[in-house]
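What follows is one structure encoded as structure tokens, with my remarks underneath.
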Number of protein chains: 2
Amino acid sequence: MKTDGANTHTRRALSELRKRILSGELPGGTRLLEVHLAEQLEVSRTPVREAMSRLAEEGLLERVSSGGFAVRSFTAADVIDAIELRGILEGTAARLAAERGVPPERMDAFFDIVARLDSCFPGAAGEDLDFERYSELNAEFHDALARLPGSRMICEEVGRATSLPFASPSAFLPDRAAPDAFHHSLQLAQEQHRRVAEAIHAREGARAEALMREHARLARQNLDYILSQDRSLRHQVPALSFLVG
Amino acid sequence: MKTDGANTHTRRALSELRKRILSGELPGGTRLLEVHLAEQLEVSRTPVREAMSRLAEEGLLERVSSGGFAVRSFTAADVIDAIELRGILEGTAARLAAERGVPPERMDAFFDIVARLDSCFPGAAGEDLDFERYSELNAEFHDALARLPGSRMICEEVGRATSLPFASPSAFLPDRAAPDAFHHSLQLAQEQHRRVAEAIHAREGARAEALMREHARLARQNLDYILSQDRSLRHQVPALSFLVG
DNA sequence: CCCTAGAAAAATGTATTCATCGCGGTGAGG
DNA sequence: CCTCACCGCGATGAATACATTTTTCTAGGG
């Protein structure tokens with residue numbers, strides 16, 4: 001059978017399954033049956049198996065003891081702990097970068113990301129805030145931070161901690177529907193970005209670590225807000241739509 | 001074809017491959033060829049694939065971009081960072097347990113492990129130190145600590161950080177060949193065990209965290225000692241025999 | 001009425017075969 | 001002599017048939 005375009009059957013199955021899990025179409029706890037999925041996706045069991053195996057690596061599926069896979073289910077407490085863990089690990093990345101030192105070029109590149117983030121905010125002219133660009137640069141900032149210590153183990157560990165959708169640094173950017181809190185929250189976040197970069201540059205490890213831990217708390221704050229609202233709201237947030245409860 | 005005994009072919013392939021990787025028989029960077037391994041293990045490619053997939057989850061293999069797997073290679077710096085990460089995460093487990101509180105029964109059980117560790121040391125009667133038992137209880141202590149906060153995410157993250165052989169809490173227990181340093185090192189470790197339990201009980205989160213971070217440094221100290229010795233020594237240490245360099 | 005043992009159904013585990021992709025060697029042309 | 005295209009080999013990707021295990025349903029006995 002021909003593999004359509006650049007994508008193998010495994011890749012198609014992978015993204016299709018991921019989509020169904022994240023959308024909540026496959027709720028937590030659902031046992032995934034190879035035959036059934038193979039029929040639905042119109043491929044054989046082999047690529048389905050391969051895709052499920054990779055989703056288990058991602059943390060979206062769990063292996064069932066008797067064989068096969070089930071959709072992992074996450075509670076609100078799991079989301080909170082995942083955010084806490086991200087703060088811990090990004091804090092560690094920041095501290096190690098400070099303690100071990102960062103080559104000037106890489107430090108410059110890091111400051112540059114902060115500067116570009118600054119430029120997303122409205123200036124005296126009163127333009128709009130460029131939310132799309134902020135979001136992208138925010139992801140870039142967190143990615144660059146993980147690489148700053150120049151350690152493969154750190155980078156991978158931070159990567160894993162941020163791989164689940166609700167643990168991603170961009171998961172709970174503040175809600176644009178509430179302009180005031182929204183703007184304030186983003187400015188606070190950016191202030192923390194700047195201070196972390198400064199702290200790393202000044203080799204202030206403990207400060208850099210504490211700042212990144214607190215930075216993650218912003219995500220938790222936004223999460224708490226969303227959870228306190230009507231349940232319908234949390235189904236509009238992609239990272240939460242597949243939560244149990 | 002019949003599956004021999006209680007083990008499936010996948011399981012056999014899994015442990016056989018793991019053995020070959022850890023023993024250094026398959027050095028880091030080696031590309032694993034399905035056909036070749038299937039012949040050697042006298043099974044078909046299917047269970048070999050499955051086994052490789054699981055070893056990738058364990059972190060012993062990495063997926064090659066063009067498809068297939070290669071043995072992951074670790075440098076001394078990777079080992080150091082892995083130990084550091086274990087300290088960070090176990091420290092977090094200790095801090096969270098302290099901050100969130102631990103039910104009395106579980107706290108009692110935790111103290112009991114510490115007490116049993118105490119009983120491994122020679123008393124006034126001057127018996128021998130029970131190294132085997134200490135080693136087992138040490139593993140039990142670290143496992144129990146990871147569960148203390150009652151958080152699945154924390155427990156799993158600590159589990160991953162300790163899953164690589166050289167990151168395990170039992171990886172670099174001091175060398176029995178050097179009795180003095182050996183005994184001193186173990187007593188210091190046990191003192192830290194005791195203090196961590198106390199700190200958690202007293203809800204002293206920061207202290208508990210700092211103690212566990214320092215506790216992991218004992219492993220690094222023993223690692224440094226081993227690495228400073230003749231190269232032949234590090235091939236006697238199972239957790240290091242498959243390192244590059 | 002419940003519990004258990006056994007058989008049937010359905011799921012995963014495994015082998016085999018074919019298809020497709022990537023890479024390296026080789027030869028012709030510039 | 002260098003470059004590029006093509007071919008062939010060897011690898012993984014995928015499909016399918018078969019084996020084994022797990023689960024479930026049912027019938028029988030306590």
Side-chain angles (χ1 to χ4, degrees), chain A residues 1-21 25-73, chain B residues 1-21 25-73:
Chain A
M1 179 180 274
K2 192 162 173 301
T3 69
D4 50 9
N7 282 350
T8 64
H9 286 173
T10 297
R11 246 171 288 203
R12 273 203 326 109
L14 186 59
S15 45
E16 178 64 23
L17 281 179
R18 193 189 288 118
K19 197 196 80 183
R20 292 191 190 184
I21 294 167
E25 188 179 340
L26 293 170
T30 306
R31 180 92 181 263
L32 293 186
L33 302 184
E34 293 177 4
V35 208
H36 187 227
L37 289 171
E39 282 172 11
Q40 283 194 349
L41 303 176
E42 295 179 291
V43 294
S44 79
R45 280 172 54 207
T46 315
V48 172
R49 261 178 101 86
E50 175 69 16
M52 293 197 297
S53 182
R54 293 191 188 222
L55 286 171
E57 271 182 66
E58 276 184 37
L60 289 178
L61 297 183
E62 56 192 359
R63 289 180 193 271
V64 175
S65 60
S66 61
F69 299 82
V71 179
R72 211 167 145 194
S73 57
Chain B
M1 179 180 274
K2 194 165 170 298
T3 67
D4 50 10
N7 282 349
T8 64
H9 287 173
T10 297
R11 248 173 286 211
R12 274 203 325 109
L14 186 59
S15 44
E16 178 63 23
L17 281 180
R18 194 189 288 118
K19 197 196 80 183
R20 292 191 189 184
I21 294 168
E25 188 180 340
L26 292 170
T30 307
R31 179 89 182 263
L32 293 186
L33 302 184
E34 293 177 6
V35 208
H36 185 61
L37 289 171
E39 281 171 13
Q40 284 194 349
L41 303 175
E42 295 178 291
V43 294
S44 79
R45 279 172 53 207
T46 316
V48 172
R49 260 180 101 88
E50 176 69 16
M52 293 197 297
S53 179
R54 293 190 189 224
L55 286 170
E57 271 182 67
E58 276 184 38
L60 289 179
L61 297 183
E62 56 192 358
R63 290 182 191 271
V64 175
S65 60
S66 62
F69 299 83
V71 179
R72 210 168 146 194
S73 57

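Numbers restart at 1 for each chain; the letters A, B, ... are given by sequence-line order, proteins then strands.
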B/Arg49 (side chain) and D/dG13 (base): donor-acceptor pair under 3.5 Å: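 No.
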
Donor-acceptor pair under 3.5 Å, A/Arg11 side chain vs D/dG13 base: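 Per atom types, no contact qualifies.
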
Length of the line joining A/Glu34:CD and D/dT20:C1', which is rounded to integer Å: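 Rounded to whole Å, this separation is 14 Å.
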
Nucleotide C/dT14, atom P - distance to CG of B/Leu41 in whole Å: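 So the CG-P distance, B/Leu41 to C/dT14, works out to 12 Å.
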
Nearest-nucleotide comparison on DNA chain D, the residue closer to the 5′ end among A/Ser44 and B/Ser66: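 By nearest-heavy-atom nucleotide position, the 5'-most residue is B/Ser66.
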
Counting heavy atoms from C-beta on, name the nucleotide in [options] closest to the side chain of [X].
{"X": "B/Arg31", "options": "D/dT23, D/dA15, D/dT12", "value": "D/dT12"}
{"X": "A/Leu33", "options": "D/dG13, C/dA11, C/dT14", "value": "C/dA11"}
{"X": "A/His9", "options": "D/dG13, C/dG13, D/dA15", "value": "D/dA15"}
{"X": "B/Arg45", "options": "C/dT12, D/dG13, C/dT16", "value": "D/dG13"}
{"X": "B/Pro47", "options": "C/dA15, D/dA15, D/dG13", "value": "C/dA15"}
{"X": "B/Val43", "options": "D/dT22, D/dA15, C/dA15", "value": "C/dA15"}

Short side-chain N/O contact from B/Thr10 to OP1 or OP2 of C/dT14, under 4.0 Å: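 Looking at the OP1 and OP2 atoms of C/dT14, one of them is under 4.0 Å from a side-chain N or O of B/Thr10.
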
Distance below 4.0 Å between B/Thr8 side-chain N/O and C/dT14 OP1 or OP2: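 Result: yes.
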
Comparing A/Met52 and A/Thr46 on DNA chain C - which has the more 5′ nearest nucleotide: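 Closest to the 5' end, via its nearest nucleotide, is A/Met52.
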
